[in-house]
Amino acid sequence: MKNRKNAISPTRNEDYPEWYQEVIKAADLAENSPVRGCMVIKPWGFSIWENIKKELDKRFKETGHQNAYFPLFIPKSFLEKEAEHVEGFAKECAVVTHHRLEKGKDGGLVPAGELEEPLVVRPTSETIIGAMFSKWVQSYRDLPLLINQWANIVRWEMRTRMFLRTTEFLWQEGHTVHATEKEAMEETLKMLNVYADFMESDMAMPVIKGRKTESEKFPGADITYSVEAMMQDRKALQSGTSHYLGQNFAKASDIKFLDRDEKLKYAYTTSWGVSTRLVGGLIMVHGDDDGLVLPPKLSPLHVVILPVLPNNKFKNKVFEHCDRIKKQLSKIIYNNSPLKVFVDKSEIPGGRKKWDWVKKGVPIRIEIGPKEIEKDEVTVSRRDTPAQENSSLKTGKFIKNAPTLLTSIQNSLYDNALRLLKYNTKEIKSKEDFYDFFTPRNIEKPEIHGGFVLAYFKEDEEIEKKIQEDLNVSIRCIPLEEENNKEEGKCLFTGKPTRQKVIFGKAY
RNA sequence: CGGGGCGUAGCGCAGCCCGGUUAGCGCGCCUGCUUCGGGAGCAGGAGGUCGGUGGUUCAAAUCCACUCGCCCCGACCA
């Protein structure tokens with residue numbers, strides 16, 4: 001415990017999954033609940049989600065979408081309407097069959113009042129929203145219909161991991177209806193870009209935009225696009241998806257409109273979503289061996305002020321000074337709103353107090369004690385440099401430059417993440433190199449290895465299955481960037497000519 | 001759901017193989033004193049139906065059976 005070099009044990013290199021769990025605990029983001037597979041998101045974790053929500057919501061509104069809310073329960077028959085959709089979700093649905101509890105023989109409560117038709121707790125809302133949309137859409141004048149909902153959903157997962165995959169999770173689902181295929185496609189790609197822009201500029205998380213293969217796409221979609229990010233263990237995190245649903249759900253839910261040409265037509269729909277999984281992404285992209293590292297644009301706090309009290313008689317003086325600085329900082333605008341500042345006056349030893357905030361990932365810590373007051377300085381530490389490092393700045397200068405400092409932290413986080421992605425993305429041309437790349441040297445206790453492979457690949461479900469079995473590697477996406485690149489190459493497995501380059505990787 | 005690991009104080013663990021006094025240790029928590037640019041030191045203290053149920057036994061944290069939960073890997077998925 002003494003002489004400990006870093007706050008989180010094990011380190012990322014020692015045991016990445018365990019490190020992830022420990023960061024969540026150390027930063028007090030969330031904890032497991034009495035309900036299997038469900039987590040409790042604690043205030044620090046939830047305020048990160050609130051910030052994500054706020055930024056995305058702004059972008060959704062800017063692109064013309066409106067929020068609405070649809071029921072948690074979906075009649076079972078609704079889910080049955082779209083064949084592929086049923087097949088995709090049937091295995092993981094929570095089903096409500098009763099609406100009352102009665103006293104049982106042994107004093108416990110037993111379900112009673114069986115429902116005529118079971119209700120499914122939404123695993124996603126295409127079907128119930130579709131049912132409403134079919135009423136709302138009558139004419140081409142009603143289109144496009146651009147709706148979003150912020151909600152919780154339930155998918156009964158076998159194996160759960162906090163933030164990355166829990167039985168219940170929070171998300172946002174956009175659902176839109178369009179008159180033409182072209183408009184629906186544009187919407188699908190527009191929202192994919194909104195996600196990518198948010199992730200890069202606010203989360204400081206570079207992503208690869210791409211199209212999913214047949215085997216990876218959303219049940220019921222014609223085309224699924226996703227944004228894929230690389231975590232520090234070099235595994236891929238599908239961070240958001242945007243689906244072009246064609247007329248599949250319009251037909252299933254009877255969404256028809258009378259067009260200008262007086263003909264009754266099925267509409268084209270899209271859906272797109274991101275979830276609390278993004279918080280997991282944030283942890284795994286930026287976290288270090290001292291805990292969470294938050295990008296300033298999404299951090300619940302920008303600056304935490306740590307009063308230093310060498311002696312209790314300085315207490316009032318130091319606290320007052322800290323409050324004054326907080327007040328001044330709070331007038332400074334960063335990212336279109338006032339800086340969020342907190343003075344930690346809690347009665348815990350100074351060293352521990354500092355480490356608590358390091359673990360929580362606050363971008364800037366400043367220490368203020370009698371010495372700083374006398375010299376009109378502050379001692380500044382930034383979270384993207386080692387916890388021991390700090391520098392002294394004149395108070396006025398620090399306050400004035402705080403937004404610049406935050407921008408610099410935001411940028412350095414992005415740069416580091418981009419370097420990770422670039423450095424661990426390899427172009428590979430042969431099957432042998434491919435297998436070598438994805439095989440750890442230590443099979444017993446695999447070290448962090450692999451990454452993304454960019455290679456020519458001719459779509460083939462058999463081969464996809466094989467590499468999934470052999471290496472646990474799948475096709476993350478077909479990058480949009482590469483789609484325009486019309487140079488022909490040879491498939492790395494079959495040697496067949498193809499113009500399609502794909503990204504392979506292990507995935508969360 | 002398959003394979004592996006683990007459930008003993010809030011957290012991390014020892015004890016279990018070879019059953020036997022009041023079940024320990026570190027961190028945290030509470031109180032006091034001392035410290036005070038620091039993940040404090042000393043002293044005292046609170047806190048456990050040893051995951052649960054049943055069995056074997058004079059005696060079970062320890063042996064047996066069943067069960068529940070958690071973590072990792074796999075299948076599946078945002």
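Residue numbers begin at 1 in each chain, while the letters A, B, ... track the order of the sequences. Heavy-atom basis, side chains included; hydrogens, waters and symmetry copies ignored.
Map A/Pro17 and A/Gly37 each onto its nearest nucleotide of RNA chain B; the residue landing nearer the 5' end is A/Gly37. For the pair A/Lys354 and A/Ile348, both in contact range of RNA chain B, the more 5′-proximal nearest nucleotide belongs to A/Ile348.
An OP1 or OP2 oxygen of B/G69 is reached within less than 4.0 angstrom by no side-chain nitrogen or oxygen of A/Asn32. Contact between the side-chain N/O atoms of A/Asn472 and the OP1/OP2 oxygens of B/G74 is found at a separation under 4.0 Å. Look at A/Asn311 and you won't find any side-chain N or O under 4.0 angstrom from OP1 or OP2 of B/G37. Remark: A/Gln468 is in phosphate contact with B/A75, judged by side-chain N or O atoms under 4.0 Å from OP1 or OP2. Not one side-chain nitrogen or oxygen of A/Arg476 sits closer than 4.0 Å to the OP1 or OP2 atom of B/A78.
Classified by interplanar angle (parallel below 30°, tilted 30° to 60°, perpendicular above 60°), the ring pair A/Trp357/A/Phe342 is tilted.
No donor-acceptor contact under 3.5 Å links the side chain of A/Gln388 to the base of B/G39. A donor N or O paired with an acceptor N or O is not found under 3.5 Å between the base of B/C77 and the side-chain atoms of A/Arg155.
Ring stacking is absent between A/Trp171 and B/A78, as the pair misses the limits of under 5.5 Å between centres and under 30 degrees between planes.
Taking atom C1' on both B/C68 and B/G51, the two are 7 Å apart, rounded to the nearest angstrom. The gap from the C1' atom of B/U53 to that of B/G15 amounts to 24 Å, rounded to the nearest Å.
Here B/G12 is the nucleotide among B/G37, B/G12, B/C76 with the atom lying nearest to any side-chain atom of A/Lys25. Each of B/G38, B/G39, B/A78 was ranked by its minimum atom distance to the side chain of A/Arg277; first place goes to B/A78.
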Problem - Working for side-chain hydrogen bond (donor to acceptor under 3.5 Å, both in side chains), residues A/Asp290 and A/Trp355 - result: CA-CA 8 Å; A/Asp290 286 330; A/Trp355 280 100; over 6 Å; no

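A/Lys58 has no carboxylate O lying under 4.0 Å from a charged side-chain N of A/Asp202, or vice versa, which leaves the two without a salt bridge.
The CG atom of A/Leu454 sits 14.5 Å away from the CZ atom of A/Arg476 when rounded to the nearest 0.5 Å.
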